[in-house]
2 protein chains.
Amino acid sequence: MGITERKEREKEQRREEIIAAAQKVFFEKGLQLATMDEIAEAAELSKGTLYLYYKSKEDLYLSVIMRGAEIMYEFFEKATATNEPVLKLISNLGDSYFEFFQKNRQYFRMLYFRDNPQLHKQVSQEVLQVCLEQDRRIWKLVIDLIQRAIDEGYLQKNIKPVQAAVILWSSSTALMQQIDRNDNYWQEQMGVNLEETLRLSNSLLLEAMMTDKGKLEYRSMVI
Amino acid sequence: MGITERKEREKEQRREEIIAAAQKVFFEKGLQLATMDEIAEAAELSKGTLYLYYKSKEDLYLSVIMRGAEIMYEFFEKATATNEPVLKLISNLGDSYFEFFQKNRQYFRMLYFRDNPQLHKQVSQEVLQVCLEQDRRIWKLVIDLIQRAIDEGYLQKNIKPVQAAVILWSSSTALMQQIDRNDNYWQEQMGVNLEETLRLSNSLLLEAMMTDKGKLEYRSMVI
DNA sequence: CTCGTAATATGACCGCAAGTCAATTAATTA
DNA sequence: TAATTAATTGACTTGCGGTCATATTACGAG
């Protein structure tokens, strides 16, 4: 009976080895240019073996993405686990998203593959399910925080927390994508610093959602 | 000499026929699942012929996208060509972007392929150039309008027009992408109407950028 | 009208990569 | 040690983007 457990462990370990190899190759080449043969070689396994552990290249890709999402979640948890006022926590959350982006660009890039279902031809139902679950966890963290800010009277009651979350999330993500792709272009051709623009966008939105009480506290906080 | 002209016309026409066929197939299947053989069949030509007119599948895809971008530009032009006050024009611009999205979802979806350079493996330099030119035209329209609103004292002077444009554009786009993919999910699981959220986001941002004069005018406008 | 030439169009073919599976090897059990 | 089960392999199949030698058509000179 100890044997089946060990086998289980070894199997899990192999899955991890494969993911690690896949990550290396995907980071270097991206989904399209990475080949399963390459990943197999990096994992020191044959291609056939990969398919014993993952149903498709896209499943493998999504599995790597999930590692990234987990790291992102940890950033968020850490950023919101202090005893600071809730508006500060929301602001921290925005900062930590950007920090995650800067320190994990490869993951960030992969993450928005997930949002493009046009690209999911071969994703298995199981992996998708786990993905959605993880997504929910992240949204819950954000939404709960905003709910708290509303309850405490810092954000306007007539804005639904989910709405606020979607708005803040969408604009942050979109701007970071822009930074990822075209930062130089905007800086050099348009004379605009996108990182500054991101901060501006976040504070404009957040302030626009605040109550007077919130604005008061926020401004004292910023100084 | 009339003959070479006719030939020129016929060649241009063939290019158009091919684009039309490609569009049909891409609309139905998306970039990945569409095959060149399929497009060739739809165009009633052989695959080889396609490659006499377009260098790659991705070039063909981008060429279809450019049709979409042209249509979008026309929406924008029409929305901003009236004599209404400039804040109303900016608001109209947002509405027309959403209208474009609703009436041309297929194009909208394709447009965001362009922003993912990870996917551009085979795009030729020429097509890319035309693309960038078109992009600039659209940005110019938006930025000029915002510049006008600043000049006329409706938007704050300390916000750069390019910044404002990027912020408004990014958040609108991101929310429409969300609508395109997951509207039902947000509506049914989260009880949130994303179309309303988009409008909210736009007005929050716009108002947050306004001067007092702007807010006064805007509020009288909304009623 | 007709023949040579140039412009167009064709589809068999190539190379590559995802995914499969019969055969092989390794580990476990009797 | 032999039999059974599990894990692994890599040759093979399939499908598609892209190419190119060949065929077809359109044109113009004689």
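Residue numbering restarts at 1 for every chain, and letters A, B, ... go by the order of the sequence lines.
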Asker: Identify whether any heavy atom of Leu52(B) sits under 4.0 Å from a base atom; if not, whether one sits that close to sugar-phosphate; answer base, sugar-phosphate or nothing.
Answerer: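 Leu52(B): base contact, heavy atoms under 4.0 Å.
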
Asker: Counting just side-chain N and O atoms, does Thr49(A) come under 4.0 Å of either OP1 or OP2 of dT9(D)?
Answerer: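 Affirmative; the distance criterion is met.
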
Asker: With heavy-atom distances below 4.5 Å as the criterion, would you say the side chains of Glu126(A) and Asp59(A) are in contact?
Answerer: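 Not touching, per the 4.5 Å side-chain cut-off.
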
Asker: Using whole Å, what does the distance between atom P of nucleotide dT19(D) and atom NZ of Lys55(B) come to?
Answerer: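 Going from NZ in Lys55(B) over to P in dT19(D) covers 11 Å.
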
Asker: Mind checking what makes ring pair (Phe, Tyr, Trp, His ring centres under 6.0 Å) contact with Phe108(B), not counting sequence neighbours?
Answerer: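 Only Phe101(B), Tyr112(B) meet the ring pair (Phe, Tyr, Trp, His ring centres under 6.0 Å) criterion with Phe108(B).
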
Asker: The criterion is side-chain contact (heavy atoms from CB on, under 4.5 Å); which residues satisfy it with Ala22(A), sequence neighbours excluded?
Answerer: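 Once residues adjacent in sequence are excluded, the partners of Ala22(A) under the side-chain contact (heavy atoms from CB on, under 4.5 Å) criterion are Phe26(A), Ile39(A), Leu60(A), Val64(A).
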
Asker: Taking C-beta and beyond as the side chain, do Asn184(A) and Gln189(A) meet within less than 4.5 Å on heavy atoms?
Answerer: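 No, every pair of side-chain atoms sits at 4.5 Å or beyond.
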
Asker: Report yes if a side-chain nitrogen or oxygen of Lys11(B) is closer than 4.0 Å to either non-bridging phosphate oxygen (OP1 or OP2) of dT8(C); otherwise report no.
Answerer: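 Answer is yes, contact under 4.0 Å.
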
Asker: Output the residues of residues 15-38 of chain A in contact with DNA chain C, where contact means a heavy atom of the residue under 4.0 Å from an atom of the strand; sort by number or write none.
Answerer: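 By residue number: Ala34(A), Thr35(A), Met36(A).
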
Asker: Is the backbone N or O of Asp115(A) less than 3.5 Å from a side-chain atom of Arg181(B), with the two atoms forming a donor-acceptor pair by type?
Answerer: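 Here the side-chain-to-backbone pair exists.
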
Asker: Under 4.0 Å, counting only non-hydrogen atoms across every strand here, what does Lys47(B) touch: a base, just sugar-phosphate, or nothing?
Answerer: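 Base contact.
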
Asker: What residue among Arg67(A), Arg9(A), Lys11(A) forms salt bridge (charged side-chain N to carboxylate O under 4.0 Å, His left out) with Glu16(A)?
Answerer: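 Only match with Glu16(A) under salt bridge (charged side-chain N to carboxylate O under 4.0 Å, His left out): Arg67(A).
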
Asker: Ile39(A) CD1 to dA17(C) P: how many Å, rounded?
Answerer: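 Distance, rounded to whole Å: 12 Å.
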
Asker: Atom CG of Leu45(B) and atom P of dT8(C): how far apart are they, to the nearest Å?
Answerer: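 Going from CG in Leu45(B) over to P in dT8(C) covers 13 Å.
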
Asker: Expressed in angstrom and rounded to an integer, what is the separation of Leu50(A) atom CG from dT20(C) atom C1'?
Answerer: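 Going from CG in Leu50(A) over to C1' in dT20(C) covers 13 Å.
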
Asker: Phosphate oxygens OP1/OP2 of dT19(D): is one of them under 4.0 Å from a side-chain N or O of Tyr51(B)?
Answerer: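 No.
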
Asker: Between Arg6(A) and dA27(C), does any side-chain N or O lie under 4.0 Å from OP1 or OP2?
Answerer: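 The answer is no; no side-chain N or O of Arg6(A) sits under 4.0 Å from OP1 or OP2.
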
Asker: Taking OP1 and OP2 of dG19(C), is either one under 4.0 Å from a side-chain nitrogen or oxygen of Gln122(A)?
Answerer: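 Yes, because at least one side-chain N or O of Gln122(A) sits under 4.0 Å from OP1 or OP2 of dG19(C).
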
Asker: Report yes or no: does Ser170(B) contribute a side-chain atom to a donor-acceptor pair with the main-chain N or O of Ser171(A) at less than 3.5 Å?
Answerer: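 No, Ser170(B) side chain to Ser171(A) backbone: no donor-acceptor pair under 3.5 Å.
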
Asker: Rounding to a whole Å, what distance do you find between Glu8(A):CD and dA27(C):P?
Answerer: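 Interatomic distance, CD of Glu8(A) to P of dA27(C): 18 Å.
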
Asker: To the nearest Å, give me how far apart NZ (Lys57(B)) and C1' (dG18(D)) are.
Answerer: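 Distance, rounded to whole Å: 12 Å.
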
Asker: Measure from the side chain of Lys7(A), starting at C-beta and using heavy atoms only, and say which of dG10(D), dT28(C), dG11(C) lies closest.
Answerer: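 That would be dT28(C).
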
Asker: Could you tell me whether the phosphate oxygens of dT8(D), OP1 or OP2, come under 4.0 Å of any side-chain nitrogen or oxygen in Tyr53(A)?
Answerer: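 So the side chain of Tyr53(A) is within the cut-off, an N or O lying under 4.0 Å from OP1 or OP2 of dT8(D).
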
Asker: Mind calculating the distance between CD (Glu44(A)) and P (dG10(D)) to the nearest angstrom?
Answerer: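 In whole Å, dG10(D) P lies 13 Å from Glu44(A) CD.
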
